[in-house]
**Student:** 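Okay, here's the structure, questions in a sec.
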Amino acid sequence: MRTPPDLSPPPSASCPNPTIPETAAVAPLLLAWYDRHHRSFPWRISPAEGQQGRRADPYHVWLSEVMLQQTTVQAVIPYFQRFLALWPRVEDLAEAETDAVMKAWAGLGYYARARNLKKCAEAVARDHAGRFPDTEDGLRALPGVGDYTAAAVAAIAFDRPSAVVDGNVERVVSRLFLVEDSLPAAKRLFRALTASITPQQRPGDFAQAMMDLGSTICTPRRPVCALCPLNDHCLAFRSGAAVESYPRKAAKKDKPVRKGAAFVARDQAGAIFLRKRAESGLLGGMSEVPNSAWTSRVDGETGLSAAPFSADWQACGTVTHVFTHFELQLSVYSARDLAALRRNDGWWEPAASLSGAALPTVMKKAIALAFPDALSP
DNA sequence: AATACGTGGAA
DNA sequence: TTTCCAAGTAT
């Protein structure tokens with residue numbers, strides 16, 4: 001029997017129902033469910049293969065986990081396939097041009113992930129002879145690898161019994177233990193509770209099973225408790241609580257609106273004038289069309305006077321784009337048939353390569369509004 | 001602890 | 001239409 005985790009506060013403090021789930025029963029039930037209902041993804045091996053001693057490739061697991069941070073599986077799969085085709089091994093990624101990595105990541109969002117992905121690949125190639133560290137602590141020290149990713153790679157690729165806590169797991173655990181504490185303040189409690197049900201055997205399958213359960217059965221809105229392998233042990237379900245109201249979360253802040261102007265210039269050959277953004281911060285390291293500052297101030301300059309150079313700018317309309325912490329209303333201006341004069345603040349991206357450029361979605365929207373055919377491949 | 005950091009799909 | 005949010009990390 002395992003030592004009970006150090007819970008602070010203990011589960012009874014946050015559970016109106018004093019009953020503690022029979023934690024030892026959870027993992028076997030969940031693993032049996034996973035054997036039958038696991039999902040297949042390009043970065044996974046099947047549980048049958050796993051029980052024959054095979055392990056998923058740590059490079060594949062790491063790459064998928066970084067891509068999956070705050071990102072849906074559906075969005076990730078084509079990117080994962082392209083990255084593996086371009087860079088089959090971590091050493092290949094380490095030797096890649098950073099700009100090529102940014103181009104391949106374009107559209108996936110949270111671009112600091114791509115910058116850190118490259119740094120991490122370099123660290124693994126240079127400091128670890130191309131082998132990922134096989135412990136949670138070793139992984140945690142890599143760029144872009146936080147608590148979750150370190151635990152996930154350690155469990156899935158190296159069979160370590162680490163507590164893998166992502167949004168799915170938080171949801172499952174909050175219901176299983178009827179946790180009244182709110183996120184994100186209760187992160188520590190969720191980690192301890194997850195550790196209390198994580199098995200020594202098949203910890204990687206257990207982690208993936210928790211995530212599959214969370215995304216198919218124990219869903220945010222309409223959980224399908226009748227089909228849940230853990231329903232007999234779930235305090236939320238057994239107590240008749242509103243299961244979908246867990247986990248408790250802190251109230252969200254509202255999104256301010258910012259405004260700006262973007263300038264899409266095209267030359268006689270169809271090339272578009274682009275610039276490179278600063279390496280850090282919003283859309284860091286990505287390409288852009290010239291644009292004004294994005295401001296919430298009513299007296300901010302969001303019109304023609306922010307143009308990068310003089311031209312016959314025509315107003316095309318407005319693009320609305322929602323970022324994590326603000327909404328952007330971008331006034332778009334276009335100019336056509338310009339002479340492709342050499343400038344030191346950017347370059348003319350040829351029409352043929354524009355769709356493959358390192359353009360974040362908001363910039364593609366602006367270009368598409370100005371020249372609807374510009375991004376056609 | 002609180003905030004910055006993208007995007008697109010589902011209800 | 002609006003809201004929520006999906007396998008988080010860095011600072």
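We name chains A, B, ... by the order of the sequence lines, and we start the count at 1 in each one.
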**Student:** May I have all residue pairs that pass side chain to side chain donor-acceptor pair (under 3.5 Å) and include part of residues 82-94 of chain A, sequence neighbours excluded?
**Tutor:**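 Non-adjacent pairs meeting side chain to side chain donor-acceptor pair (under 3.5 Å): Arg89(A)-Asp92(A).
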**Student:** Below the 4.0 Å mark, does dG8(C) have OP1 or OP2 next to a side-chain nitrogen or oxygen of Lys187(A)?
**Tutor:**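 For Lys187(A), the contact criterion (side-chain N or O under 4.0 Å from OP1 or OP2 of dG8(C)) is not met.
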**Student:** Determine: side-chain N/O of His325(A) to OP1/OP2 of dC5(B), distance under 4.0 Å, yes or no.
**Tutor:**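 Answer is yes, contact under 4.0 Å.
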**Student:** In whole Å, what is the span from the CG atom of Leu183(A) to the C1' atom of dG8(C)?
**Tutor:**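 It is 13 Å, rounded to the nearest whole Å.
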**Student:** Just to verify, what does Asp57(A) make a salt bridge (charged side-chain N to carboxylate O under 4.0 Å, His left out) with, not counting sequence neighbours?
**Tutor:**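 Partners of Asp57(A) under the salt bridge (charged side-chain N to carboxylate O under 4.0 Å, His left out) test: none.
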**Student:** Which whole-number value in Å describes the distance from Leu328(A) CG to dC5(B) P?
**Tutor:**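 It is 13 Å, rounded to the nearest whole Å.
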**Student:** Quick test of your reading: applying ring pair (Phe, Tyr, Trp, His ring centres under 6.0 Å), list the pairs with at least one residue in residues 273-293 of chain A, sequence neighbours left out, ordered by first then second residue.
**Tutor:**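 Pairs touching residues 273-293 of chain A that pass the test: Phe273(A)-Phe309(A), Phe273(A)-Trp348(A).
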**Student:** Would you say dT3(B) has OP1 or OP2 under 4.0 Å from some side-chain N or O of Lys253(A)?
**Tutor:**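 Indeed, a polar side-chain atom of Lys253(A) lies that close.
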**Student:** Mind calculating the distance between CG (Asp181(A)) and P (dA1(B)) to the nearest angstrom?
**Tutor:**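 In whole Å, dA1(B) P and Asp181(A) CG are 13 Å from each other.
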**Student:** Using a strict threshold of under 4.0 Å (side-chain N to carboxylate O), is an ion pair present between Asp159(A) and Arg55(A)?
**Tutor:**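 Looking at Asp159(A) together with Arg55(A), the answer is yes, because their closest N to O distance falls below 4.0 Å.
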**Student:** Heavy atoms within less than 4.0 Å of DNA chain C: which residues of residues 34-46 of chain A have one? Give them sorted by number.
**Tutor:**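 The answer is Arg39(A), Phe41(A), Trp43(A), Arg44(A).
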**Student:** Taking atom P in both dT11(C) and dG6(B), compute the distance separating them and give it to the nearest angstrom.
**Tutor:**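 To the nearest whole Å, 14 Å.
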**Student:** In whole angstrom, what separates Asp147(A)'s CG from dA10(C)'s C1'?
**Tutor:**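 Between C1' of dA10(C) and CG of Asp147(A): 12 Å.
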**Student:** Taking CD from Glu244(A) and P from dC4(C), how many angstroms apart are they, rounded to a whole number?
**Tutor:**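 Rounded to whole Å, this separation is 15 Å.
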**Student:** For a quick check of understanding: with a heavy-atom distance under 4.0 Å over all strands, which category does Val76(A) fall into, base, sugar-phosphate or nothing?
**Tutor:**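 Val76(A): no heavy atom of the nucleic acid under 4.0 Å.
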**Student:** Across nucleotides 6-11 of chain B, 5' to 3', mark each nucleotide with B, S or - according to how protein heavy atoms within less than 4.0 Å reach it.
**Tutor:** BBSS-S
**Student:** Can you measure Glu327(A) atom CD to dT3(C) atom P for me and round it to whole angstrom units?
**Tutor:**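 Taking CD of Glu327(A) and P of dT3(C), I get 11 Å after rounding.
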**Student:** Is it true that Asp312(A) and Arg336(A) make a salt bridge, defined as a side-chain N closer than 4.0 Å to a carboxylate O?
**Tutor:**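 Arg336(A) and Asp312(A): not salt-bridged.
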**Student:** Should the pair Lys118(A)-Asp99(A) be classified as a salt bridge under the 4.0 Å nitrogen-to-oxygen rule?
**Tutor:**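 Salt bridge between Lys118(A) and Asp99(A), a charged N being under 4.0 Å from a carboxylate O: no.
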**Student:** Between Glu136(A) and Arg191(A), does at least one N-O distance fall below 4.0 Å, as a salt bridge requires?
**Tutor:**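 Looking at Glu136(A) and Arg191(A), the cut-off is met.
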**Student:** Over 60° means perpendicular and under 30° means parallel, so tell me whether Phe263(A) and Trp313(A) are parallel, tilted or perpendicular.
**Tutor:**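 Phe263(A) and Trp313(A): perpendicular rings.
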**Student:** For the pair made of CD in Glu170(A) and P in dC5(C), what is the distance, rounded to whole Å?
**Tutor:**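 Distance check: Glu170(A) CD to dC5(C) P gives 12 Å.
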**Student:** Can you tell me, in whole Å, how much space there is between the P of dA6(C) and that of dC5(B)?
**Tutor:**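 Straight-line distance between the two P atoms is 22 Å.
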**Student:** Are Arg277(A) and Trp294(A) in a cation-pi setup, meaning NZ or CZ lies under 6.0 angstrom from the ring centre and within 45 degrees of the ring axis?
**Tutor:**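 Yes, cation above the ring, under 6.0 Å and within 45°.
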**Student:** Going by the side chain to side chain donor-acceptor pair (under 3.5 Å) test, which pairs reach into residues 362-377 of chain A, not counting sequence neighbours?
**Tutor:**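 Counting only pairs at least two positions apart or across chains, the side chain to side chain donor-acceptor pair (under 3.5 Å) contacts touching residues 362-377 of chain A are His321(A)-Lys365(A).
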**Student:** Which whole-number value in Å describes the distance from Tyr148(A) OH to dA10(C) C1'?
**Tutor:**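 Those two atoms, OH and C1', are 18 Å apart.
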**Student:** Quick one: on DNA chain C, does Gly144(A) or Leu68(A) contact a more 5' nucleotide (nearest heavy atom)?
**Tutor:**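 Checking each residue's closest nucleotide, the 5'-ward one belongs to Leu68(A).
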**Student:** Base, sugar-phosphate or nothing for Ser64(A)? Non-hydrogen atoms, less than 4.0 Å.
**Tutor:**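 It contacts nothing in the nucleic acid.
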**Student:** Hey, which of these two, Arg140(A) or Gly214(A), hits DNA chain C nearer its 5' end, going by closest nucleotide?
**Tutor:**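 The residue mapped nearer the 5' terminus is Gly214(A).
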